[in-house]
> 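Mind having a look at this structure? Questions to follow.
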Amino acid sequence: MKLTEDPHRRLNALTNEWILVSPHRATRPWQGEVAPLPTAAEPQYDPSCYLCPGNARVGGVRNPAYTSTFVFDNDFAALKPQAQSPTRGEDRLDVENTGLVVAQAEPGICRVICFSPRHDLTLATMTSNQIEPVVHTWIEQFRELGDRDFIHHVQIFENRGAMMGASNPHPHCQIWATASIPEEPAKELVVQGVYRNAHGRCLLCDYVALEGRESVRVVCENEGFVALVPFWAVWPFEVLVCSRRHFASLDSLSNDEVRTLSDMLHQVTATYDKVFGVPFPYSMGFHQAPTDGTDHPEWHFHAHFYPPLLRSATIRKFMVGFEMLGNPQRDITPEIAAERLRDLAKTTR
């Protein structure tokens, strides 16, 4: 079997799920039409933006004249803290006690974090020094929310671009803090625990070391973090960012790691913008240990970048057909995607 030519399956070592790879269908992601979208420059301040300093939000609350990061409870939150705790038996619904129609209360907290008062910036155009206050705010929010008794998981994520459902171009991200552990991190928690029990080591520590030896899927790295296209990547230019040191969550970052994480986030996002010469859409999120009061030595801090663009600024990958009914599939191999990103990353600094 040749990974560069033959159809094959790859195992996602973090979730124990399979992906179909068909390299014979598309050997180079940048062949074919590249049609960048015309993009208008955003102003530094937009009087119609509900996230800019001093402006009123949709619900009528007026933002303060903030000068750094700004955090507020989401005006249209998907979760409510006053929902009854799902740990109480009366909050679970099981119609006819068959396990077929089951529901459970899910209390939680949703917040928005504005990265900067400037409307025209993104992680790709901010400097590393400008991103550092954002990282510090993430740390503060993770600690505060994770310390609440009913919060067992804190998900920090950014949807960038209208293609990813972002309703406002102002640089911002969201936090959803939940009473339960969501499905994706729950799968990773199980697999990392199984690996640690079997090998006595950390799964992602071993994986990062392996990728360092092979080099073919590493995009960029610094003294604190490594960015790579994972062997099992589903999305065309998917990137996994892993800490070099083993720790579980943002609140364990050293001052040097705050700096190197900020640098890595800038480098990855700025590299993305060079792929098709447009602001690159993506969903990015940090996967951290649950805040359930239990130590999780198996957990390794990491972030996922999931960008949808495939062959140009207007052509995206969709999950349809076999991928919805069977399992994910990709044509562009992770090795080819990594080579493309690596070449662009060299020109980012």
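Position 1 is the first residue of the sequence, and the numbers go up from there. Every heavy atom of this structure was used, including side-chain atoms; hydrogens, water molecules and symmetry mates were not.
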> For His246 and Leu204, indicate whether the former's side chain and the latter's backbone hold a donor-acceptor pair under 3.5 Å.
no
> Rounded at 0.5 Å granularity, tell me how far OG1 in Thr291 sits from CZ in Arg143.
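Atom-to-atom, Thr291:OG1 and Arg143:CZ are 13.5 Å apart.
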> Looking only at side chains, do Ser249 and Ser252 share a donor and an acceptor under 3.5 Å apart?
no
> Establish, from distance only, whether the side-chain atoms of Arg62 and Asn55 form a donor-acceptor pair under 3.5 Å.
no
> Between His300 and Gln288, is any side-chain donor less than 3.5 angstrom from a side-chain acceptor?
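Absent: no donor and acceptor within the cut-off.
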> Which other residues belong to the hydrophobic cluster containing Phe318, where Ile, Leu, Val, Met, Phe, Trp and Tyr are joined when side-chain heavy atoms lie under 4.5 Å apart, directly or via other members?
Val320
> State, yes or no, whether a side-chain contact exists between Gln155 and His287 at a heavy-atom distance under 4.5 Å.
yes
> If I take atom CD1 from residue Ile113 and atom SG from residue Cys173, how far apart are they, to the nearest 0.5 angstrom?
4.0 Å
> Taking the side chain from His152 and the backbone from Ala179, do they hold a donor-acceptor pair closer than 3.5 Å?
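Looks like yes, one N/O pair under 3.5 Å.
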> Answer yes or no: is there a donor N or O on one side and an acceptor on the other, between the side chain of Arg196 and the main chain of Val191, under 3.5 Å?
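No, Arg196 side chain to Val191 backbone: no donor-acceptor pair under 3.5 Å.
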> May I ask you to test the Arg148-Ile109 pair for a side-chain heavy-atom distance under 4.5 Å?
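Arg148 vs Ile109: side chains touch.
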> Are any of the side-chain nitrogens in Arg259 or Glu223 under 4.0 Å away from the carboxylate oxygens of its partner?
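The answer is yes: the pair qualifies as a salt bridge.
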> Are any side-chain N or O atoms of Gln141 and backbone N or O atoms of Trp138, one a donor and one an acceptor, separated by less than 3.5 Å?
no
> Under a 3.5 Å cutoff, is there a donor and acceptor pairing between the side chains of Asp256 and Ser254?
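Their side chains do not contain a donor-acceptor pair, so the 3.5 Å distance test is not met.
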> Which distance, rounded to the nearest 0.5 Å, do you find between the CG of Asp251 and the CD1 of Ile139?
8.0 Å
> Has Arg342 got a side-chain atom pairing as donor or acceptor with Val218's backbone, closer than 3.5 angstrom?
yes
> Return yes when atom CG of Asp295 has more than 12 non-hydrogen atoms of other residues, nucleotides or ligands closer than 6.0 Å, and no otherwise.
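Check fails, neighbour count at 12 or below.
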> Using the side chain to side chain donor-acceptor pair (under 3.5 Å) rule, pick out the option among Arg330, Gln329, His8 that qualifies with Ser22.
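With Ser22 as partner, side chain to side chain donor-acceptor pair (under 3.5 Å) holds for just one option, Gln329.
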> How close do Pro169 and His119 get, heavy atom to heavy atom, and via which atoms?
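Looking at all heavy atoms of both residues, the shortest contact is CG-NE2, 3.7 Å.
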> For Ser167, check side-chain contact (heavy atoms from CB on, under 4.5 Å) against everything at least two apart and list the hits.
Tyr50
> Is it true that Lys80 and Glu106 make a salt bridge, defined as a side-chain N closer than 4.0 Å to a carboxylate O?
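Result for this pair is no, no salt bridge flagged.
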> Can a donor-acceptor pair be found, under 3.5 Å and without considering hydrogens, that links the side chain of Thr178 to the backbone of Ser180?
yes
> May I ask you to decide whether Asp273 forms a salt bridge with Arg160, counting only side-chain N to carboxylate O separations under 4.0 Å?
yes
> Without swapping roles, check the side chain of Lys317 against the backbone of Pro307 for a donor-acceptor pair under 3.5 Å.
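It does not hold such a pair.
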> CD1/Ile181 to CD/Glu183 distance, rounded to the nearest 0.5 angstrom?
10.5 Å
> Does one side chain, of Glu42 or His170, offer a donor that lies under 3.5 Å from an acceptor on the other?
no
> Are Arg118 and Leu121 side-chain neighbours, meaning at least one heavy-atom pair lies under 4.5 Å?
yes
> Between Thr269 and Thr122, is there a side-chain heavy-atom distance shorter than 4.5 Å?
no
> Can you find a pair of side-chain heavy atoms, one from Met284 and one from Phe157, that are under 4.5 Å apart?
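The answer is no, as the side chains (C-beta and beyond) never meet within the 4.5 Å cut-off.
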> Please tell me whether Thr15 and Glu17 have a donor and an acceptor in their side chains that are separated by less than 3.5 angstrom.
yes
> Check whether any side-chain heavy atom of Leu310 lies under 4.5 Å from a side-chain heavy atom of Pro236, and answer yes or no.
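Yes - at least one pair of side-chain heavy atoms lies under 4.5 Å apart.
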> Taking Glu188's backbone N and O only, do any of them form a donor-acceptor pair with Gln192's side chain (distance below 3.5 Å, no angle check)?
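Here the side-chain-to-backbone pair exists.
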> Can you tell me how far apart CG (Leu228) and CD (Glu238) are? Round to the nearest 0.5 Å.
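Here the rounded value is 10.0 Å.
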> Answer with yes or no whether the side chains of Trp176 and Gln174 bring together a donor and an acceptor at under 3.5 Å.
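Yes, Trp176 and Gln174 have a side-chain donor paired with an acceptor closer than 3.5 Å.
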> Below 4.5 Å, heavy atoms only, C-beta onward: do Asn12 and Ile19 meet side chain to side chain?
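Contact flag for Asn12/Ile19 side chains = no.
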> Which residues pass the side-chain contact (heavy atoms from CB on, under 4.5 Å) test with Glu335, sequence neighbours left out?
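Testing Glu335 for side-chain contact (heavy atoms from CB on, under 4.5 Å), a comparison that skips the adjacent residues, returns Arg10, Val216, Arg217, Phe231, Thr333.
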> Any idea how Tyr272 and Phe280 line up, ring-wise: parallel (<30°), tilted (30 to 60°), or perpendicular (>60°)?
parallel
> Using the salt bridge (Lys or Arg N to Asp or Glu O under 4.0 Å) rule, take Arg245 and Glu257 through it: C-alpha gap first, then chi angles, then the decisive distance, then the call.
CA-CA 9 Å; Arg245 183 173 66 88; Glu257 286 164 338; 2.8 Å; yes
> Without swapping roles, check the side chain of Asp331 against the backbone of Pro23 for a donor-acceptor pair under 3.5 Å.
no
> Give a yes or no answer on whether the side chain of Asp94 reaches the backbone of Thr98 with a donor-acceptor pair at less than 3.5 Å.
yes
> Can you find a heavy atom in the side chain of Val229 that is under 4.5 Å from one in the side chain of Leu240?
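Sidechains of Leu240 and Val229: no contact.
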> Answer yes if the side chains of Tyr195 and Asp206 hold a donor-acceptor pair under 3.5 Å, and no otherwise.
yes
